[in-house]
Amino acid sequence: LTIMTGELEVALRKDRTTSDYKKVLTSSKEETYCLINLVENLLFLAREDQGKHVIEFEKVDMTDLIGNVIANLQTESTDKKITLHVKADVEPTFVSGQPSILRRLFFNIIHNAILYTPAEGSIGVSLSGNKQYTEVIVKDTGICISAEDQKKIFNRFYRVDSSRSQTKGYGLGLAICKSIVKLHHGRITVHSALGQGSTFTVTLPMAKS
């Protein structure tokens, strides 16, 4: 809000060219989207705190869902010349959950991997399942997360004090991921080591036949 107010005040001090006004409006539009995203995330977490999340579970094809998420992020990965590798079981893997929330979970994780992976890096997404669980692993060649930060990275508003935190954000994305996994009775973990990038693993219960 401070950024938007400052830019608008400067723009209104004197007459500007159409191009100048367009730049200010474009910038304000971008900040508005950031605020909308922030408010949506805060509302999601507030509903969780109050136990007001009502999920209508259904049988979700995880192979199809992950493919859809990756397709939506293809432009961003292509712009950074990042290679996205996907490996999945031949047979479809199903979990019991709400598709829209699960898409948000994996969008956040894969989007983070793209943000924190240098240009011309790579991201591997693997999907496998057994009779009890489905496991999705997202491994990037990005910047290492310290052991201390790994303990806190799923906390709300936590931003790592390193070059991984140079991108714009509020430290809510992974907290949202943790909440979604909890709602689906699953587990999410992270492992990161110098020179190896970071690996996020999500384990979810398989859908009953």
Side-chain angles (χ1 to χ4, degrees), residues 30 33-45 48 62 65-88 97 99-127 134-184 186-204:
E30 290 173 357
Y33 283 140
C34 289
L35 286 172
I36 289 171
N37 186 55
L38 172 61
V39 172
E40 287 177 345
N41 285 338
L42 289 172
L43 287 173
F44 185 95
L45 293 171
E48 182 199 17
M62 288 300 298
L65 186 142
I66 294 295
N68 179 265
V69 170
I70 290 175
N72 287 332
L73 289 167
Q74 198 66 60
T75 300
E76 288 187 45
S77 61
T78 300
D79 287 346
K80 288 187 69 175
K81 297 181 180 179
I82 291 174
T83 304
L84 266 172
H85 303 280
V86 183
K87 182 181 179 182
S100 61
I101 298 180
L102 288 173
R103 272 194 292 272
R104 186 174 188 177
L105 163 65
F106 292 106
F107 183 95
N108 281 358
I109 295 173
I110 299 172
H111 184 247
N112 268 7
I114 293 171
L115 284 177
Y116 298 124
T117 298
E120 300 185 0
S122 65
I123 298 168
V125 181
S126 64
L127 171 64
T134 291
E135 186 176 75
V136 180
I137 300 174
V138 179
K139 179 176 175 57
D140 65 48
T141 57
I143 302 160
C144 171
I145 306 171
S146 72
E148 187 62 30
D149 284 328
Q150 289 178 51
K151 298 175 184 176
K152 305 174 184 176
I153 200 168
F154 295 107
N155 294 348
R156 298 177 189 183
F157 300 107
Y158 187 75
R159 299 278 289 163
V160 296
D161 187 21
S162 71
S163 53
R164 281 189 74 97
S165 66
Q166 289 178 3
T167 58
K168 199 169 186 178
Y170 301 97
L172 288 176
L174 290 177
I176 293 286
C177 290
K178 183 179 179 179
S179 296
I180 293 172
V181 170
K182 181 181 177 183
L183 286 169
H184 288 81
R187 185 175 71 252
I188 182 169
T189 60
V190 60
H191 173 75
S192 187
L194 188 63
Q196 297 179 18
S198 300
T199 302
F200 286 84
T201 303
V202 176
T203 305
L204 299 168

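For the numbers below, each heavy atom of this structure counts, side chains included, while hydrogens, waters and symmetry mates do not.
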Main-chain N/O of Ile145 paired with Gln150 side-chain donor or acceptor, under 3.5 Å: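 Yes: the side chain of Gln150 pairs with the backbone of Ile145.
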Any donor-acceptor pair under 3.5 Å from Ser192 side chain to Gly197 backbone: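 Yes.
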Can you name the residues that form a side-chain hydrogen bond (donor to acceptor under 3.5 Å, both in side chains) with Ser122, not counting sequence neighbours?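 So Ser122 forms no side-chain hydrogen bond (donor to acceptor under 3.5 Å, both in side chains) with any residue.
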Looking at every non-hydrogen atom in both residues, tell me the closest pair between [X] and [Y] and how far apart they are.
| X | Y | value |
| --- | --- | --- |
| Cys144 | Ala193 | SG-C, 3.6 Å |
| Ile114 | Ile82 | O-CD1, 3.7 Å |
| Ser198 | Ile143 | OG-O, 3.6 Å |

Under the rule for salt bridge (charged side-chain N to carboxylate O under 4.0 Å, His left out), what residues qualify as partners of Lys151, not counting sequence neighbours?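 With neighbours one apart ignored, the set is Glu148.
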Taking only residues two or more places apart in sequence or in another chain, which ones pass salt bridge (charged side-chain N to carboxylate O under 4.0 Å, His left out) with Arg156?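 By the salt bridge (charged side-chain N to carboxylate O under 4.0 Å, His left out) rule, Arg156 matches Glu48, Asp49.
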Under the ring-ring contact (aromatic ring centres under 6.0 Å, His included) test, which residues partner Phe44, sequence neighbours left out?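 Counting only residues at least two positions away or on another chain, Phe44 forms a ring-ring contact (aromatic ring centres under 6.0 Å, His included) with His53.
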Heavy-atom side-chain proximity of Ile137 to Phe200 below 4.5 angstrom: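 Sidechains of Phe200 and Ile137: no contact.
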To the closest 0.5 Å, what do you measure between [atom1] ([X]) and [atom2] ([Y])?
| X | Y | atom1 | atom2 | answer |
| --- | --- | --- | --- | --- |
| Ile101 | Cys177 | CD1 | SG | 12.0 Å |
| Lys87 | Leu127 | NZ | CG | 11.5 Å |
| Ile176 | Glu40 | CD1 | CD | 10.0 Å |
| Thr201 | Lys139 | OG1 | NZ | 9.5 Å |

Name of the residue among Thr83, Leu84, Ile70 meeting side chain to side chain contact (heavy atoms under 4.5 Å, CB included) with Ser77: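 That would be Leu84; it is the only one of Thr83, Leu84, Ile70 passing the side chain to side chain contact (heavy atoms under 4.5 Å, CB included) with Ser77.
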Pair Leu174, Lys178 - check side-chain contact (heavy atoms from CB on, under 4.5 Å), show working. CA-CA 6 Å; Leu174 290 177; Lys178 183 179 179 179; over 6 Å; no
For residues 102-111, run the donor-acceptor check on the side chains, cut-off 3.5 Å, and write out each pair with its distance to 0.1 Å, sequence neighbours left out.
residue	atom	partner	partner atom	Å
Arg104	NH2	Asn41	OD1	2.4
Asn108	ND2	Gly173	O	3.3
His111	NE2	Glu76	OE1	3.1

Does Lys80 NZ have over 12 foreign heavy atoms under 6.0 Å away?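 More than 12 heavy atoms, drawn from other residues, nucleotides or ligands, come within 6.0 Å of this atom.
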Just to verify, what does Asn155 make a side chain to side chain contact (heavy atoms under 4.5 Å, CB included) with, not counting sequence neighbours?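 Per chain and number, Asn155 pairs via side chain to side chain contact (heavy atoms under 4.5 Å, CB included) with Lys152, Tyr158.
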